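Treat the numbers as computed from the prediction; the structure is a model and nothing was measured. We count ligands from 1, going down the list as the structure has it; atoms in each ligand are counted the same way. Values below: every heavy atom of this structure, side chains too, minus hydrogens, waters and symmetry copies.
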Amino acid sequence: MDCIFCKIASGEIPSTKVYEDEQILAFRDLDPQAPTHVLLIPKKHISSADELNAENAAVVAHIFLVAKELAAREGLTNGYRIVNNCGEDGGQTVKHLHFHLLGGRKMAWPPG
Ligand code: 5GP
Ligand code: ZN
């Protein structure tokens, strides 16, 4: 499958990994939008949040727990943001489920 995040998960495309286990991988975004900008992905391909179901959704809870640990490790004691862009209107550009962990600056709301 021609999916850049599957290739990052398999190691075919290099990335700056910050966490890895058998289910998920976290690595630094190539184009960081904040002092901390980490992407968390399931290793198994899921196209988007819209493809989640009762069988595959447990990995999302795992991703959130790891995101919390990484936020602490990155020193984000003043808060952080976890973002999922889903589909065309959501601004999703890579069609492999991922969560952005952003921190180290004050975030704007509402998002653009
Ligand atoms: P999306 O817009 O789909 O929510 O986010 C995709 C993110 O993946 C973007 O923030 C983009 O900078 C990042 N990205 C795209 N290609 C690569 C890559 O090859 N390596 C890394 N580390 N990040 C990437
Ligand atoms: Zn994929």
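Remark: ligand 1 atoms within the under-4.0 Å shell around heavy atoms of His98 are 1 (P), 3 (O), 4 (O), 5 (O), 6 (C). Of all the atoms in ligand 1, the ones that sit under 4.0 Å from a non-hydrogen atom of Asn85 are 1 (P), 2 (O), 4 (O). Within ligand 1, the atoms closer than 4.0 Å to a non-hydrogen atom of His100 are 1 (P), 4 (O), 5 (O), 7 (C), 10 (O), numbered from 1 in the order shown. Short contacts between ligand 1 and Asp31, defined as distances under 4.0 Å to a heavy atom of the residue, involve ligand atoms 12 (O).
Shortest non-hydrogen contact noted between Arg81 and Trp109 is NH2-CE3, 3.7 Å. Scanning all heavy atoms of the two residues, the minimum distance from Asp31 to Asp29 falls at N-OD1, 2.8 Å. Across Ser48 and Cys86, no two heavy atoms sit closer than the pair OG-SG, 3.9 Å.
Here the side chains of Cys6 and His96 are in contact, with some heavy-atom distance below 4.5 Å.
Close N/O approach between Gly91 and ligand 1 is found [any backbone or side-chain N/O within under 3.5 Å].
In terms of distance to the Zn ion (ligand 2), the nearest N, O or S atom of His45 is named ND1. Of all the N, O or S atoms in His96, the one closest to the Zn ion (ligand 2) is ND1.
In this structure, of Phe27, Phe99, Phe5, the residue bringing a heavy atom nearest to atom 14 (N) of ligand 1 is Phe5. Here atom 12 (O) of ligand 1 lies nearest to Asp29 when heavy atoms of Ile8, Leu30, Asp29 are compared.
The part of Ile4 lying near ligand 1 is the side chain, judged by heavy-atom distances below 4.0 Å. Proximity of Leu39 to ligand 1, defined as any heavy-atom pair under 4.0 Å, is confined to the side chain (atoms from C-beta onward).
Considering only non-hydrogen protein atoms, atom 2 (O) of ligand 1 sits nearest to Thr93 OG1, 3.0 Å. Atom 22 (N) of ligand 1 has its closest protein heavy atom at Arg28 O, 2.9 Å.
The aromatic rings of His37 and His100 are tilted relative to each other, their planes meeting at an angle between 30° and 60°.
Between the side chains of Asn85 and His98, no donor-acceptor pair of N or O atoms lies under 3.5 Å.
Using a 4.0 Å cutoff on heavy atoms, Ser15 does not count as a contact of ligand 1.
Under the 4.0 Å criterion applied to side-chain N and carboxylate O atoms, Glu20 and Lys43 are assigned as salt-bridge partners. Electrostatic pairing of Asp2 and Lys7 counts as a salt bridge here, judged by a charged N lying under 4.0 Å from a carboxylate O. Under a 4.0 Å N-O distance rule, the pair Arg28/Glu74 qualifies as a salt bridge.
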